[in-house]
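Heads up, the thing below is written out as structure tokens.
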Amino acid sequence: MERLTVELGNRSYPILIGDGLLGAIGRHVAPLLKRPRTMIVTDEHVAPHYLDAASTALAAEGIAVSSLVLPAGEGSKSWAGLARLTEWLIGEGVERSDHVVALGGGVIGDLVGFACSIVKRGCAFVQVPTTLLAQVDSSVGGKTAINVAAGKNLIGAFHQPALVVIDPMTLATLPRRELGAGYAEVVKYGLIDDADFFAWCEANGAALLAGDGEARHKAIAHSVAAKARIVAADERETQDIRALLNLGHSFGHALEAETGYSDRLLHGEAVAAGMVLAHQFSAANGLCPVADAARVRDHLASVDLPHSLASAGINTGGAELAAHMAHDKKVRGGKLPLILTRGIGRSFVTEDYGLDSVAAFLDGQRG
Ligand SMILES: NC(=O)c1ccc[n+]([C@@H]2O[C@H](COP(=O)([O-])OP(=O)(O)OC[C@H]3O[C@@H](n4cnc5c(N)ncnc54)[C@H](O)[C@@H]3O)[C@@H](O)[C@H]2O)c1
Ligand SMILES: [Zn+2]
């Protein structure tokens with residue numbers, strides 16, 4: 001088992017990574033509890049595979065467990081989902097010192113985290129992520145949210161978990177497409193500031209996606225360590241450090257908006273295409289070697305991830321895509337900070353480029 005720490009003073013918390021850890025969560029959760037009682041929240045895809053194992057592991061430590069199984073999918077990250085979950089927690093008699101267990105992907109993690117930030121003015125929670133995306137990204141860092149009509153993740157809070165338990169074996173049941181979407185976020189850490197890790201991805205990405213346990217463990221541990229470091233340095237994204245995690249996301253956001261946040265394009269798939277576009281835009285502006293942008297595109301293409309507007313299924317004009325970007329949450333004072341790059345592993349934040357130049361660039365990328 002590997003143990004990392006998110007260093008946030010008296011809110012620091014451990015991240016445990018190890019095959020089979022789900023069957024041992026009781027041992028890791030028990031020391032956190034003031035009373036032997038916890039509530040597990042999961043979704044209907046995850047429950048049949050892992051709810052029993054999680055409940056049994058907690059019960060083995062003498063912890064009383066109740067559970068709530070929500071519908072799978074973004075629809076649960078909503079006002080209705082939040083109302084249902086918070087009412088359920090209150091009905092279960094949740095206390096502030098209790099630790100609610102979020103067992104699932106980023107949807108469950110974001111929803112449970114937000115519910116726990118407001119129920120009884122805040123109770124604790126434990127992340128047990130079961131998608132690659134949640135294991136390498138969303139379970140760490142304390143961003144929690146629901147979606148509203150005006151957009152994704154617009155209502156939320158920073159609320160750090162008390163513990164993150166990652167069992168890579170839970171990925172065995174994850175659909176290949178979801179695995180690929182999570183892998184895009186793994187590659188992101190290499191592209192942000194770690195060229196060696198990007199090279200590792202080029203050499204090992206295919207094996208990871210095919211189920212190689214060692215490659216999975218290494219990718220998760222490396223990614224989570226990077227995220228933990230970035231969160232510790234800039235918890236609330238008040239400097240430009242945490243913003244680097246949005247590499248590929250502004251372009252990706254435009255593609256997600258264009259496809260209506262539907263199954264046509266998963267978040268990670270949009271990020272994959274978005275990272276290629278960010279590199280190509282950087283190259284087009286003389287910031288980044290053309291060969292680096294090609295390397296990024298070629299690697300993502302080699303693992304069947306979208307790597308262009310056409311392969312993302314988009315044939316929309318640049319102005320329309322850029323207009324989606326103008327609605328990004330990250331817009332400040334009318335300007336959208338873009339994450340661009342000087343090459344693989346050399347990303348940076350800039351406000352030097354207007355949306356009109358982005359629109360012209362995107363027009364040129366249409367297939
Ligand atoms: N908080 C953050 O920092 C952060 C970062 C990135 C993304 N997010 C959020 O995360 C969400 C996306 O997360 P996600 O990609 O994990 O989606 P998800 O939670 O919807 O999971 C994807 C699908 O896989 C299923 N599933 C989960 N684990 C499984 C398993 N082990 N076996 C079989 N099926 C399984 C789910 O039921 C769902 O159908 C988005 O809402 C996004 O906004 C948050
Ligand atoms: Zn993302």
Side-chain angles (χ1 to χ4, degrees), residues 4-13 15 77 106-107 109-114 116-118 122 125 127 129 133-148 150-162 164 182 184-194 223-254 256-257 267-268 270-271 274-275 278 282 324-341 345-353 355 358:
L4 305 167
T5 306
V6 183
E7 302 284 357
L8 290 168
N10 60 8
R11 290 175 300 114
S12 296
Y13 54 94
I15 304 166
K77 252 182 78 172
V107 163
D110 279 15
L111 175 68
V112 171
F114 186 41
C116 290
S117 79
I118 54 176
F125 76 116
Q127 290 271 21
L133 181 135
Q135 294 185 349
V136 301
D137 189 356
S138 64
S139 66
V140 172
K143 280 192 180 175
T144 75
I146 58 169
N147 308 321
V148 293
K152 275 196 67 183
N153 298 324
L154 289 183
I155 302 288
F158 283 98
H159 188 49
Q160 299 289 347
V164 182
E185 304 275 8
V186 171
V187 172
K188 184 183 75 178
Y189 293 107
L191 296 177
I192 289 174
D193 65 355
D194 192 343
S223 300
V224 155
K227 176 115 189 215
R229 213 167 36 239
I230 290 169
V231 168
D234 184 16
E235 184 185 8
R236 293 191 171 228
E237 208 169 313
T238 49
Q239 306 154 53
D240 280 344
I241 304 169
R242 190 165 182 169
L244 292 175
L245 291 170
N246 295 320
L247 176 64
H249 281 60
S250 291
F251 287 99
H253 174 85
E256 284 185 282
H267 171 74
V271 168
M275 292 191 299
S282 300
H324 291 306
M325 294 168 79
H327 293 130
D328 203 297
K329 292 202 274 332
K330 278 123 204 153
V331 170
R332 33 186 199 208
K335 285 199 162 170
L336 177 65
L338 283 177
I339 320 301
L340 299 181
T341 188
R346 302 184 60 204
S347 68
F348 64 100
V349 183
T350 175
E351 289 184 358
D352 288 354
Y353 298 87
L355 284 176
V358 174

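Within the 4.5 Å cutoff, no side-chain heavy atoms of V224 are placed close to those of V164. N147 is listed as a side-chain neighbour of N153, based on a closest heavy-atom distance under 4.5 Å. Contact check for T341 versus L191: no side-chain heavy atoms found under the 4.5 Å cut-off. Counting only heavy atoms from C-beta outward, the side chains of D193 and L244 never approach each other to under 4.5 Å. The side-chain heavy atoms of L245 and Y189, taken from C-beta on, include a pair separated by under 4.5 Å.
Between the OG atom of S347 and the CG atom of D194 there is a distance of 11.0 Å, given to the nearest 0.5 Å. In this structure, I192 CD1 and F348 CZ are separated by 14.0 Å, a value rounded to the nearest 0.5 Å. How far CD1 of I155 is from OG1 of T144: 11.0 Å, rounded to the nearest 0.5 Å. Between atom CD of residue E351 and atom CG of residue L340 there is a gap of 11.5 Å, rounded to the nearest 0.5 Å. E235 contributes atom CD, which lies 11.0 Å from atom NZ of K143 (distance to the nearest 0.5 angstrom).
The shortest heavy-atom contact between A134 and S139 is O-OG, 2.8 Å. Across every non-hydrogen atom of A243 and D234, the tightest pair is N-OD2, 4.5 Å. The two atoms that bring S117 and A157 nearest to each other are OG-CB, 3.7 Å, heavy atoms only. Of all the heavy atoms in G106 and S138, the pair that sits closest is CA-OG, 3.5 Å. Nearest heavy-atom pair, S250 versus M325, reported as atom, atom and distance to 0.1 Å: O-CG, 3.5 Å. Shown here for L355 and L336, the closest heavy-atom pair between the two residues is CD2-CD2, 4.1 Å.
Judged as a side chain to side chain donor-acceptor pair (under 3.5 Å), and not counting sequence neighbours, the contacts of E256 are H267. In this structure, Y13 has no ring-ring contact (aromatic ring centres under 6.0 Å, His included) partners at least two apart in sequence or on a different chain. Qualifying side chain to side chain donor-acceptor pair (under 3.5 Å) partners for R229, counting only residues two or more places apart in sequence or in other chains: none. Under the rule for a salt bridge (Lys or Arg N to Asp or Glu O under 4.0 Å), the partners of D110 that lie at least two apart in sequence or sit in another chain are K77. Remark: F125 engages H159 in a ring-ring contact (aromatic ring centres under 6.0 Å, His included) (not counting sequence neighbours).
Note on residues 240-252: pairs passing salt bridge (charged side-chain N to carboxylate O under 4.0 Å, His left out), not counting sequence neighbours, are D240-R332.
Checked against V136 for a side-chain contact (heavy atoms from CB on, under 4.5 Å), the options E185, K227, K188 give a single hit: E185.
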The test is side-chain contact (heavy atoms from CB on, under 4.5 Å); show your working for V140 and L4 and say whether it passes.
CA-CA 11 Å; V140 172; L4 305 167; over 6 Å; no
